[in-house]
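Every chain is numbered from 1 and lettered A, B, ... according to where its sequence line falls, protein lines coming before strand lines.
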Amino acid sequence: MIRVRFAPSPTGRLHLGNIRTALFNYLFARAQGGTFILRLEDTDRERFLPEYREGIIQDMRWMGLNWDEGPENNGPYGPYEQSERLELYQKYANQLIAEGKAYYCYVTQEETDEAKRIARLNRMPPRFDNRGRNFTQEEIEARKARGIKPTLRFKVENPQVKIHDLVRGDVEFNLDDMSGDFVILRADGTPTFHLAVCVDDALMKVTHVIRGEDHLSNTPKHILLIKAMGFEPPQYGHLSLIHGPGGEPLSKRLSTVSVGEFRRQGYLPEALVNYIAFLGWSPGDNREIFSWEELQKVFSLERVNKSSSIYDPDKLNWVNGQHLRLLSDEVFTQKALDYLQMQNLLPVGADVVRRVLPAFKDAIAKFDELPAHLGFLKSPLTYENAAWLQTPAAKTLLTEALALLPSLNWNDPLVYDAFIAALKPKVTVKGKELFMPVRVALTGKEHGPELKKLFPLLGQQFAAERFKSALGN
RNA sequence: GUCGCUAUCGUCUAGCCCGGUCUAGGACGCUGCCCUCUCAAGGCGGAAACACGGGUUCAAGUCCCGUUAGCGAUACCA
C-alpha cells in the first residue's frame, strides 16, 4: 500500500511551489490507489502563526487536494501536527542516546560557525569537526558551569550514502563533505526538522517521500537517521523547484504566487491544478487541458522531469480560459456569481448579473475581469464615445429601435436577429453605422460581447430604458 | 569556497533510457490572414531552440568527458 504525505510548515501561506509538491503527492497517491497524508510541521514555534495553519487547510481544500489522513479528519497514525508529537521525538532521541548513536554536544553555535568559516577560507568542506564527541568529563562540567546548554547530535558513522531517487536516479553523497554530526535536538530540547520528519515518516508508514529538490541534500541524513532508529527508509523523489518569471526563487515573491492570491483573482482551482501539473510533468502526447479526474488517471512519477521551470502567468491565464469555456453556461454563471459575491464585486443586483453572465464566458480569462465587463449594468450609463448617439441618423435609429421593442418575441434566443431584421428597413444606415449606436446605447462602450448573445439576456425593459437614455443624451 | 542537481524555441514541453524515422513536434506569448458591428473567442499560417568544447560512432538533440551558466544545500528554518 502506497502512502505519501505533504508536510508544509505553517510559517507562511502556501504558494505555487508548495502546492505543486502537494499536487504531485496527491496525484501519485490517487493514480496508484494510495493514501495521501497531510502533516503540519510546526516545530518552529517562533515563526508559527495560527492563521497560517488555517490558511493551509483552506487552500488545500479549495484546490481539491483532500487528504485521507491529517488535521481535522485524523487517521490511525495521528496526531498529524508535530507540535502534538513532541514526546514521540523525545522517545526516539532517548533511544538513540541509549544505543550510543547520538550524544549531547556542548559546543556552542559560535564555535561551530567559526570552524566552518575557517574551513571555507581553506577551501575545505564546510563541515563541523565533531569535536564535541570527544570532550572529557571535566571539559563538559566546565562548559555546563559556563551555562552552556547542549544540543543532541546524531553520530554520522557511515558518511557514504547512495540514494536511488525516483526522479533523479542514482545520487551519491558523502556526509563528511557536507556536515558532520548534525543536531537533532536543539539546546532548548525541541526536535529539529531532521528528527521530526524521520520519526513521523517512519511511524506514519510513509512509503514514498516526494518533496522539493531543496531537500535532496538532506536525504542522506534522513536515511542514516531512519536506519539508526531501526526503520526501513522510504523511497525518495525530489521535485525540481519552480521559479518566478525573472528566474528568481519563488519564495521571494510569495504574495503574488500564493494560493490565496490565485483564488482572489478568480482562477478555477481545476485550471490552476492543470497548469501546475504541467510544470515539470507532461503526459507525453500533445494534450494539455485535463480535468481533475483525467489528471488523476494519467499522472505518473516516471514522466516528471528533472529540470526546474519558470511560472508563466500568461499560460496559466490561457489554461484558465480553456477551462472556463468548457463549463456549461449554467455552471459558469454559478461559479462567476459565487466569485463576485464572495469578493464583493457585484455591480448591481445578483439576479440581473446572473442573466447576462453567459455572454461573457468567452470574453474573460479569469473571473476578476468580470467587473470591468459588467460595469455597464449600472445606471445611469456613462458613454465612452457619445458621438455615436448624437448624429441625426442615430437619433432616428434609436427611436425606431425603441418603438420596435414591444413587438419582439423576447423568449426567442435569436430575438436579436429579428430585431435587426425589423430595424434595417426603417433606417438608411447600415454596417457599423447601424450597430455601433445600438451597442453604445446598450452598453456605453464601443467594445464588448456579441450583441446577438447579449441582447436576449438584457430583456425588453432594460433595452427600452437604455434606448430612452441614449435618446436623451 | 565545498558538495549536489540541472541544461531543447522568450516560456512550458515532446524527443534522450533503446543513437539513424529530427530539414527537432506541440502549447503559451508574439505576429500575419480569415471570421466579424466592436473587443474577444475560434480557424489557418509565420518567426523562434538542441548552452559551449572535446570524444565515441558510418551516424549524436540522443552516449561519454570537460567547460560554462543556473539552481539547491552548506542552520540549534523547514
State whether [X] and [Y] are salt-bridged, where the test is any N-O pair (Lys NZ or Arg NE/NH1/NH2 against Asp/Glu carboxylate O) under 4.0 Å.
X: A:Arg127; Y: A:Asp177; value: no
X: A:Asp170; Y: A:Lys162; value: no
X: A:Glu261; Y: A:Arg13; value: no

### Task
Give, ordered by number, those residues of residues 83-94 of chain A having at least one heavy-atom distance below 4.0 Å to an atom of RNA chain B; if nothing qualifies, reply none.
none
### Message
Short of 4.0 Å, heavy atom to strand atom, which residues of residues 116-123 of chain A count as contacting RNA chain B?
### Response
A:Lys116, A:Arg120, A:Arg123
Taking [M] as the reference, what is the distance to [N] when you measure between their [atom1] atoms (whole Å, please)?
N: B:A47; M: B:G10; atom1: P; value: 15 Å
N: B:C50; M: B:G4; atom1: C1'; value: 25 Å
N: B:A60; M: B:C16; atom1: C1'; value: 10 Å
N: B:G43; M: B:A51; atom1: C1'; value: 37 Å
N: B:U21; M: B:G61; atom1: C1'; value: 15 Å

Assign [X] to base, sugar-phosphate, or nothing according to its heavy-atom contacts below 4.0 angstrom with the strands shown.
X: A:Phe278; value: sugar-phosphate
X: A:Asn305; value: sugar-phosphate
X: A:Thr190; value: nothing
X: A:Gly280; value: sugar-phosphate
X: A:Ala187; value: base
X: A:Arg47; value: base
X: A:Pro125; value: sugar-phosphate
X: A:His243; value: sugar-phosphate

With a 3.5 angstrom cut-off on both distances, give the Watson-Crick or G-U wobble partner of [N], or none if there isn't one.
N: B:G61; answer: none
N: B:G4; answer: B:C71
N: B:U11; answer: B:A27
N: B:C52; answer: B:G66
N: B:A41; answer: none
N: B:C16; answer: none

### Task
Please check if the distance between the ring centroids of A:Phe360 and A:Phe332 is under 6.0 Å.
no
### Task
Kindly compute the distance separating CG (A:Asp176) from CG (A:Asp129), expressed to the nearest 0.5 Å.
11.5 Å
### Query
From A:Arg5 CZ over to A:Ile37 CD1, what is the distance, rounded to the nearest 0.5 angstrom?
9.0 Å
Using modelled atom types only, decide if a donor and an acceptor are shared between the side chain of [X] and the backbone of [Y] within a distance under 3.5 Å.
X: A:Asp188; Y: A:Thr190; value: yes
X: A:Thr443; Y: A:Val440; value: no
X: A:Asp42; Y: A:Pro10; value: no

### Message
Please determine whether any donor N or O and acceptor N or O are separated by less than 3.5 Å between the side chain of A:Asn218 and the base of B:A78.
### Response
yes
Please state how far atom [atom1] in [X] lies from atom [atom2] in [N], giving the value in whole angstrom units.
X: A:Glu369; N: B:A41; atom1: CD; atom2: P; result: 10 Å
X: A:Leu316; N: B:C28; atom1: CG; atom2: P; result: 14 Å
X: A:Glu384; N: B:C39; atom1: CD; atom2: P; result: 12 Å
X: A:Phe193; N: B:A73; atom1: CZ; atom2: P; result: 11 Å
X: A:Glu172; N: B:U2; atom1: CD; atom2: C1'; result: 17 Å

According to salt bridge (charged side-chain N to carboxylate O under 4.0 Å, His left out), who are the partners of [X], at least two apart in sequence or on a separate chain?
X: A:Arg20; result: none
X: A:Arg211; result: none
X: A:Arg325; result: A:Asp362

### Query
Can you give one letter per nucleotide of nucleotides 6-11 of chain B, going 5' to 3': B for a protein heavy atom under 4.0 Å from the base, S for sugar-phosphate only, - for none?
SS---S
### Message
One pair to check against side-chain contact (heavy atoms from CB on, under 4.5 Å): A:Tyr339 and A:Asp368. What are the steps and the verdict?
### Response
CA-CA 8 Å; A:Tyr339 169 82; A:Asp368 71 348; 3.2 Å; yes
Closest to the [X] side chain, choosing from [options]:
X: A:Asn286; options: B:G25, B:C12, B:U2; value: B:G25
X: A:Asp214; options: B:C3, B:A73, B:C28; value: B:A73
X: A:Arg303; options: B:U74, B:A78, B:G15; value: B:G15

### Query
A:Asp181 and side-chain hydrogen bond (donor to acceptor under 3.5 Å, both in side chains): which partner among A:Arg133, A:Arg131, A:Arg153?
A:Arg133
### Message
Just to verify, what does A:Phe193 make a ring pair (Phe, Tyr, Trp, His ring centres under 6.0 Å) with, not counting sequence neighbours?
### Response
A:His215, A:His222
### Query
Quick one: side-chain contact (heavy atoms from CB on, under 4.5 Å) partners of A:Ile310, sequence neighbours excluded?
A:His243
Report each atom pair, protein N/O against N/O of nucleotides 33-37 of chain B, whose distance is under 3.5 angstrom.
unit_1 : atom_1 : unit_2   : atom_2 : d
B:C37  : O2     : A:Arg439 : NE     : 3.3
B:C37  : N3     : A:Arg439 : NH2    : 3.2
B:C37  : N4     : A:Leu451 : N      : 3.2

What protein N or O atoms touch nucleotides 42-46 of chain B N or O atoms at under 3.5 angstrom, if any, and at what distances?
unit_1 : atom_1 : unit_2   : atom_2 : d
B:G42  : OP1    : A:Gln322 : NE2    : 3.0

Enumerate, atom names and distances included, each donor-acceptor pair closer than 3.5 Å involving a side-chain atom of residues 311-323 of chain A, sequence neighbours excluded.
unit_1   : atom_1 : unit_2   : atom_2 : d
A:Asp312 : OD1    : A:Asp314 : N      : 3.1
A:Lys315 : NZ     : A:Glu288 : OE1    : 3.2
A:Asn317 : OD1    : A:Tyr267 : OH     : 2.6
A:His323 : NE2    : A:Asn274 : OD1    : 2.8

### Query
Quick one: is A:Ser217 getting a side-chain N or O under 4.0 Å of the B:U74 phosphate, OP1 or OP2?
no
### Task
Please name all residues satisfying side chain to side chain donor-acceptor pair (under 3.5 Å) with A:Lys116, sequence neighbours left out, ordered by chain then number.
none
### Query
Checking ring pair (Phe, Tyr, Trp, His ring centres under 6.0 Å) for the pair A:Trp292/A:Tyr26: CA distance, chi angles, key distance, verdict?
CA-CA 11 Å; A:Trp292 241 129; A:Tyr26 180 86; 5.2 Å; yes
